[in-house]
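As a basis for the values below, the full set of heavy atoms in this structure was taken, side chains included, without hydrogen atoms, waters or symmetry mates. This is a predicted model, so every value here is computed, not measured. Throughout, protein chains are lettered first and strands after them, A, B, ... in sequence-line order, and every chain is numbered starting at 1.
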Amino acid sequence: MSASVSDGQVDEKWAEMMRAAIAGDEAVYRRLLEEIGRSVRAMARGAFSRARVGDADVEDVVQETLLAIHLKRNTWDGGLRLAPWVGAIARHKIIDAMRRRGTRRFQPIEDFETVLAAPEAEDPHARSDAERLIAQLGPRQRDIVRSISLEGQSIAATAARLSMSEGAVRVALHRSLKLLASVWRGASQ
Amino acid sequence: MKTSELIQALAADQSPRRISLGARFCLALGVGALVSVWLFMMMLGPRSNFVASLQSVRFDLKFVDTLALALPAAVLCLRVLRPDARIGVFGFAFLAPVVLLAAGVIGELMFVPADLWGTRMIGSNSMHCLMMVPLLSIAPLAALLLAMRAGAPQNPGIAGALAGAAAAGVAATLYAANCPDDSPLFVASWYPLATIIVAAIGAVAGARLLRW
């Protein structure tokens, strides 16, 4: 009873954060993605352990899910709850990851709402495939993604360093993220 | 790459607000339909007695049938683009064209003597129907699939099949204005077959193009 009440609160808070993020609040968006990532991590770890496939890919699933959430924000109906939408995306990516490992028999995947109460922090040593996949982007795109993600530079600083306009950096970043998602998908075939 | 590092990149990517999924979908359907209308006018055009035929129940029923397919298919297709979509009771909307076709067939069987059933069903140009409906579906199907790449369907193949059904509904509505066969026996035999062909093409294309 108390768990479901607190889940409802998490959900309402998330939906509000997502609305703020879509309106352009970067800091809130970053916090929201961190929180969602922790719950997706718990869900993926649970699903992998039940399917007995080990959890080497957990961070990949978390990152693929966050990337999909970002690129598919437009499929969330702002009037509806956010958690079921996030859960559906995470489930899709978990199943993809299991197929990638050749799992044929699927254990039922825990409902996303039940893991909301038990989020998991990122393992500081876990690394995803993203870095290897970024290597497949063009040199300019690779440079931009690395600068903003790994080095934590701002768009403005990156633009100044590469003598590009901020708009051009934004466009290149967005294209790179879309490309990263498709390369990741290709790697999962 | 660490997850917190990826999040940096995602948060920095504040692309300006794009048009909504629904608007994109409707635009694609509209543009695709217009291309098909143009193609239809170039190749076929409405049959010569089109206006007079509007008095005929059999003729009008064809459009009711095809629109009863196109509308639910389009609505459902847009719906399944959300990852958390449940088809649920909306699936029953597909009963509409089936029930309408069945009612038309029963009526025809009651009013038309049995020795005419065969000729009515075979009609005069069933192969033309099986070619033209898929041909007129190409533009709406292609436009829809393109727009749907912004979506996130749980099952890309089903989403593609629904797009195919919607496109076939548009194509069949146009084709019905030219086709000289109005008997529900003809419509119930060939239109669904043409629809299934287009839906199958949509399913195969969707499974490839709509993965995310």
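- Checked against B:Ile7 for a side chain to side chain contact (heavy atoms under 4.5 Å, CB included), the options A:Glu34, A:His70, A:Arg31 give a single hit: A:Glu34.
- For the residue pair A:Arg73 and B:Asp13, the shortest heavy atom distance occurs at NH2-O, 4.2 Å.
- For A:His92, the part sitting under 4.5 Å from any heavy atom of chain B is the side chain, from C-beta outward, and nothing else.
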**OP:** Might you work through the side chain to side chain donor-acceptor pair (under 3.5 Å) test for B:Thr3 and A:Gln63, ending with a clear yes or no?
**Re:** CA-CA 6 Å; B:Thr3 297; A:Gln63 293 185 18; 3.1 Å; yes
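- Nearest heavy atom pair, residue B:Ala12 against residue A:Ile148, reads CB-CG2, 3.7 Å.
- Atom CZ of B:Arg149 has 12 or fewer heavy atoms from other residues, nucleotides or ligands within 6.0 Å.
- Nearest heavy-atom pair, B:Pro83 versus A:Thr75, reported as atom, atom and distance to 0.1 Å: CD-OG1, 3.4 Å.
- Interface residue A:Leu66: backbone and side-chain heavy atoms are both found under 4.5 Å from chain B.
- Annotation for B:Ala11 and A:Arg30: closest pair CB-NE, 3.9 Å, computed over non-hydrogen atoms.
- For A:Ile89, the parts sitting under 4.5 Å from any heavy atom of chain B are the backbone and the side chain alike.
- With a 6.0 Å radius and a threshold of 12 heavy atoms from other residues, nucleotides or ligands, B:Arg86 has its CZ atom at or below the threshold.
- A:Leu32 does not touch chain B: none of its heavy atoms, backbone or side chain, sits under 4.5 Å away.
- Using a 4.5 Å cut-off between heavy atoms, A:Ala68 contacts chain B through its side chain alone, with no backbone atom that close.
- Contacts between A:Ala21 and chain B at a heavy-atom distance below 4.5 Å involve the backbone alone (N, CA, C, O).
- Considering CG of A:Asp123 and NZ of B:Lys2, their distance stands at 9.5 Å, rounded to 0.5 Å.
- Proximity to chain B (any heavy atom under 4.5 Å) is shown, for A:Arg146, by neither the backbone nor the side chain.
- In B:Arg208, the CZ atom is not crowded: 12 or fewer heavy atoms of neighbouring residues, nucleotides or ligands sit closer than 6.0 Å.
- The shortest non-hydrogen separation linking B:Trp212 to A:Lys72 is CB-CE, 3.8 Å.
- How far CZ of B:Arg24 is from CG of A:Asn74: 6.5 Å, rounded to the nearest 0.5 Å.
- Atom CD1 of A:Ile95 and atom CD of B:Gln154 lie 8.5 Å apart (nearest 0.5 Å).
- With hydrogens and angles ignored, the 3.5 Å screen pairs no side-chain donor or acceptor of A:Ser149 with any backbone N or O of B:Gln8.
- Using a 4.5 Å cut-off between heavy atoms, A:Asp77 contacts chain B through both its backbone and its side chain.
- Only the side chain of A:Glu122 comes within contact range of chain B, judged by heavy atoms closer than 4.5 Å.
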Original post:
Can you list the steps and then say if A:Leu67 with B:Leu10 is a side chain to side chain contact (heavy atoms under 4.5 Å, CB included)?
Top reply: CA-CA 7 Å; A:Leu67 190 54; B:Leu10 300 183; 3.6 Å; yes
